[in-house]
Amino acid sequence: MDIATRIDEILAIDPAADAVEFEGAWTRWGELDASARALSAELDEAGIPARAPVGLLLRNRPEKVAT
């Protein structure tokens with residue numbers, strides 16, 4: 001099993017469960033999954049092939065966990 005498959009499995013366990021707390025607000029697993037899928041769709045739309053290396057700049061924010 002590759003890491004991407006394992007992450008998909010973890011995100012699907014309980015989408016309504018709290019996953020990450022930041023500044024007193026919780027982000028749920030389902031929200032992280034939706035963010036990951038949206039990013040994947042944007043990369044597909046841009047013509048980036050699956051498993052292609054992609055650089056990114058991360059900030060210490062919960063919405064970045066999905067990347």
Side-chain angles (χ1 to χ4, degrees):
M1 172 183 313
D2 65 6
I3 186 102
T5 301
R6 183 66 182 134
I7 289 170
D8 284 342
E9 289 176 352
I10 291 168
L11 290 172
I13 290 172
D14 185 357
D18 293 336
V20 178
E21 186 271 332
F22 182 73
E23 296 182 346
W26 282 93
T27 301
R28 294 186 171 94
W29 287 109
E31 294 169 311
L32 294 177
D33 185 42
S35 293
R37 291 181 189 282
L39 175 60
S40 181
E42 287 183 34
L43 293 172
D44 288 344
E45 188 176 309
I48 309 296
R51 309 262 188 249
V54 175
L56 59 127
L57 174 65
L58 297 175
R59 304 240 186 239
N60 190 18
R61 309 284 305 172
E63 59 272 13
K64 303 304 179 202
V65 172
T67 59

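For this chain, numbers begin at 1 and follow the sequence in order. All values derive from a computational prediction rather than experimental measurement.
- Among all heavy-atom pairs drawn from Trp29 and Leu11, the shortest one is CE3-CD2, 3.5 Å.
- Atom CG of Asp44 sits about 9.5 Å away from atom CG of Leu39, to the nearest 0.5 Å.
- By the 6.0 Å contact criterion, CD1 on Ile3 is open, its count of non-hydrogen atoms from other residues, nucleotides or ligands being 12 or less.
- To the nearest 0.5 angstrom, Thr27 atom OG1 is 8.5 Å from Asp18 atom CG.
- When the side chains of ILVMFWY residues are joined at heavy-atom separations under 4.5 Å, either directly or via intervening members, Val20 and Ile7 end up in a single hydrophobic cluster.
- The environment of CD in Glu9 is crowded: more than 12 heavy-atom neighbours from other residues, nucleotides or ligands sit within 6.0 Å.
- Under the 3.5 Å distance criterion, with hydrogens and angles disregarded, a donor-acceptor pair is assigned to the side chains of Thr5 and Asp2.
- A donor-acceptor pair under 3.5 Å links the side-chain atoms of Arg28 to the main chain of Ala16, judged by distance alone.
- Taking all atoms of both residues into account, the shortest heavy-atom contact from Arg61 to Phe22 is NH1-CE2, 3.2 Å.
- Here Ile10 contributes atom CD1 and Leu32 contributes atom CG; the two are 11.5 Å apart, rounded to the nearest 0.5 Å.
- Under the 3.5 Å distance criterion, the side-chain polar atoms of Ser35 are matched with a main-chain donor or acceptor of Glu31.
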